[in-house]
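A note on names: the letters A, B, ... follow the listed sequences, proteins ahead of strands, and every chain is numbered from 1.
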Amino acid sequence: MVDVIKNTQMHCTYGCKTSKAVQPNVAGKLISKAKRPLFVVGSQILKDEELLKRAIEIAKKADIPVAATGHSMKGFVDADVDAKYINIHALATYLCDPNWTGLDGKGQYDTIITLGHYKYYINQVYSGLKNFSNLKTISIDRQYLQNATMSFGNITPEVLLEALDELIENL
Amino acid sequence: MSELTTGSFSIGDLENVQITINNIVGAIDKQMEKSDEEMGPTPKPGVSSLRDWDHTIFERYNPIYTPMCDQCCYCTFGPCDLSGNKEGACGINLEAHNAREFMLRVMTGAAAHSGHGRHLLHHMIDLYGKDYPLDVGPTNIIAPNVQAVTGIKPETLGDLDIVLNYVEEQLTQLLAAVHAGQEGAAIDFESKAMHGGMIDHVGMEVSDIVQISCLGFPKSDANPPLADIGMGCIDPSKPNLIVIGHNVAAVTDIIDYMEDNDLSDKIELGGLCCTALDMTRYKMDGSAEDQVPKAKIIGSLAKELKMIRSGAPDVIVVDEQCIRADVLPEAQKLMIPVITTNDKVMYGLKDRSNDDVEDILADLTSGKEPGALLLDFEKVGEIAPRLAMMMSEIRKQKGIKALPTEEELKDQVDKCVHCLACEIACPDNLPISEAMKLAKEGDFTKFEWIHDKCIGCGRCEFACPKDIDIVNVIEKSSQKLIRNEIGKVRAGRGPISDPEIREEGVNLVLGTTPGIVAMVGCSNYPDGTKDLFDIAKEMLQRNYIVVVSGCSAMDLGMYKDEDGLTLYEKYPAKFKSGGLINVGSCVSNAHITAAVIKVAAIFAQKQVSGNYEELADYSLNRVGAVGVAWGAYSQKAASIGTGCSRLGIPVILGPHGSKYRRALIAKPYEDQKWNVYDARDGSEMKIPAAPEFLLTTCETIEEMMPMLAKSCIRPSDNNMGRMIKLTHYIELSQKYLGVMPDDWQNYVRMETDLPLAKRQELLKILEEEHGWEIDWKRKKILSGPVMKSDVSAQPTNLKRLCKEA
């Protein structure tokens, strides 16, 4: 088992409520259990082919739609997954609106999983969701994100790949 | 009896008696009454005067909060946990508290600019008197922001004094609202933030008009000279005098002293941040394009620590705003004396303003004092260059060494234990550990790669448990790169002239010039400086007008295209389709909003004085302009952006902009929000969902390219304009995201809106995927579009501007 929660050091405090550290097998099971999950993948994913491969695998195996933020859409064009481009700040806005019907018109989401973003940027997105929505949010990236509901710790790129493999096994 | 005017008078036969009349009570109001200029409904608006307009904006553009901290620690009731939008002890909730914080951020920025303006104005009135005329080039509207907001048409320095009085009163009233236990509605803190943003553009305009008029800056010059930029353009063999900040007042005395004493060729005068830009504008009015500005630009805030650590400066002079707070201790380590010249930055140094020049020089050269506070600019003018000459010798003799030797570099690198603390501390999480690993094997290329992405903040060094001087390691590893960092920047030209607006206005309002992209703001980029060059190049090739200012204007000049030219050398500095304009420094940003006001005034004959709301409404519905603050970091950038929001100009920030904690984002799926009135008869008309935001962020420049094109779409575009804008939107989306945008059809009203080369293909998509009816024989759309095509419609959000049906 890959241990990804040992290093959850914070470099500043974000307030009273900070995310729970989560192991990959648990994250995988939570994703599988979600009723209306959305996999939000950022453009940093394009910097690492191995990471992109795993993102596609997660979307396929868990059969979840992908919100391709930034220009990550380039990585999903021929990937045979249900991916759509959306700006992440706009997405964060709509996710706080109970009247939004989602990228597919079928209704609001209940669980957000993120991978491939700048740490400081996605943490701000999470801050909005934490305070102004009831969504469950899970970060499966290589940095501990205080504002998510659950997050991996600070890990190396190599450990992240291992962790994602374990997560995929548990989907 | 004749009326008294301001100015100086000598009285008859009385020798040595002169009366100076500075201000006559009510004179400017009287003058305003006398002039033919009609006055709009809101001259000198108070905090609540434009509230209705703000609420109209917020009805569509939702304030979106992404708090940095879930608590409020303002008063002694606290800290209060506001997470989940709870209320604190005073009753404020997280939304309202964040709105209040955003407003404070905006006001801080506005105060920085108008404080700068006030300082410059005092100084120039001291030198030239209140009657000194304002001159910014060929225009009938000298100060569009000032006039639109206050109703005042300033003609002299003295008139600006009255304008700043108004600005200062507004800032005081706004600041009062921050006090605990008052406002509870986020939306009204938001309206106050908008007020602060608008006021900021007035303060900036005053600042730049003062310096353009008094310091011989280019005046709407469509061909200003080119200045050198880059850490590599400074000659290390000469004495180096380095200036950091934003307020050029003291520096002009340095330049004059150097010229008068034949030192200009002997000393290397370089600047960091906006002071540098303004140094290159000094006495450049009407100069030939090949004339060389009187100073060199080293770069933005991101280069400050690196420049000091290089050890090249022999003296550092600072003035105000974006200056690192640790300049003095950093300089002290390398025996570089620091002169502070402004009461905003004094670094705890002794005030030597009234001391003898020789005494001050003796104390600084001997190292008895690490620096001096000098509020007397004439003394700064003399001391700084003389000190640079002396210190250059002294520092050489003492063998001051800054960066590590090759051997020391190796020792430093070997100390790394790869704990990742530096990477967690780094604002951009740069891969320092990996670079250390490679460096241990003798490969420093990763550090070279990091050099351009690094914003030189030094947080990594404080995090390092092994005390490695990481910034020095990066800089030492990148010496070859740094030596070649040489580029060109066009000196800031000031406002856009009336004739230019007259020629270009029609293209902008009809959409045949696809838009204005204003690249402004600071150097906190997510992925290095080259992004700016890439954005500008793409948009210039597509005939957008690209306007730049401040740090963005600098970094843009650091790169050359395939022909070996910077974009400044390649594209004309004219306000026309495909032109690249550097308006100037941070305070010159007011000329960008001014250009939008001028389009409404000159092209559409809109009244300017005290008519802010109507001008903003015009801009939101008809002028395809978008701001980009890709590396925005400062409070000033927040206030500049918020001034744009109130004027209806959308702004996109880089990912770090999310840390401003507030955006203005609309929901395109809320159909009822995308209606305006047709001013001809007051009927409601549907408009496309663009711009979709007034302030937002995005991840990468690739994502931003199609966003830029879409943000320039306006309800007033004619079908030629729609076709041009749609072409760019679709092409940029395909190029950078690899897909067609999923909402392009929403902007189509008739078949001629479709890009010619793709018309057949797009009509097919409209028929098959969206159920539109097409007459294939005539290639005409029969039904489908939700908006009617009517070239003479006059879209407005203001019912009061509509003629009755």
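Taking the six-membered ring where the residue is Trp, A:Tyr94 and A:Trp100 present tilted rings, their angle falling between 30° and 60°. Using cut-offs of 30° and 60° for the angle between ring planes, the B:Tyr61 and B:Trp674 rings count as perpendicular.
Ranked by heavy-atom pairs under 4.5 Å with chain A, the list B:Pro655, B:Pro431, B:Pro427 is led by B:Pro655. Top candidate by heavy-atom pairs under 4.5 Å with chain A, chosen from B:Glu434, B:His418, B:Met705, B:Lys667, is B:Lys667. Counting heavy-atom pairs closer than 4.5 Å to chain B, the top residue among A:His89, A:His117, A:Gln44, A:Gln143 is A:His89.
The heavy-atom pair separating B:Val626 from B:Ser711 by the smallest distance is CG2-CB, 3.8 Å. Among all heavy-atom pairs drawn from A:Phe152 and A:Ala163, the shortest one is CE1-CB, 3.9 Å. Of all the heavy atoms in A:Ser127 and A:Asn147, the pair that sits closest is CB-ND2, 3.3 Å. Across all their heavy atoms, A:Gly75 and A:Ala79 have their closest contact at O-CB, 4.1 Å. Between B:Leu708 and B:Ile652, the shortest heavy-atom contact is CD2-CD1, 3.9 Å. Considering all non-hydrogen atoms of both residues, A:Asn131 and B:Ser83 come closest at OD1-CA, 3.2 Å.
If you measure heavy-atom distances from B:Asn85 to chain A, the contacts under 4.5 Å come from both the backbone and the side chain. Contact annotation for B:Asp81: both backbone and side-chain heavy atoms come within less than 4.5 Å of a heavy atom of chain A. When heavy atoms are compared at a cutoff of 4.5 Å, B:Leu737 approaches chain A by way of both its backbone and its side chain. Using a 4.5 Å cut-off between heavy atoms, B:Met707 touches chain A through its side chain atoms alone. At a 4.5 Å heavy-atom cutoff, B:Ala463 makes no contact with chain A through either its backbone or its side chain. Looking at B:Lys86, neither its backbone nor its side chain comes within 4.5 Å of chain A, counting heavy atoms on both sides. Heavy atoms closer than 4.5 Å to chain A are found in both the backbone and the side chain of B:Pro526. Interface residue B:His656: backbone and side-chain heavy atoms are both found under 4.5 Å from chain A. For chain A, the nearby parts of B:Glu95 are the backbone and the side chain; heavy atoms of each come within less than 4.5 Å. Residue B:Tyr669 touches chain A through its side chain alone, counting heavy-atom pairs closer than 4.5 Å.
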| task | Just do the salt bridge (charged side-chain N to carboxylate O under 4.0 Å, His left out) check on B:Glu731 and B:Lys735 with the steps written out, would you? | result | CA-CA 6 Å; B:Glu731 282 182 7; B:Lys735 180 171 175 185; over 6 Å; no
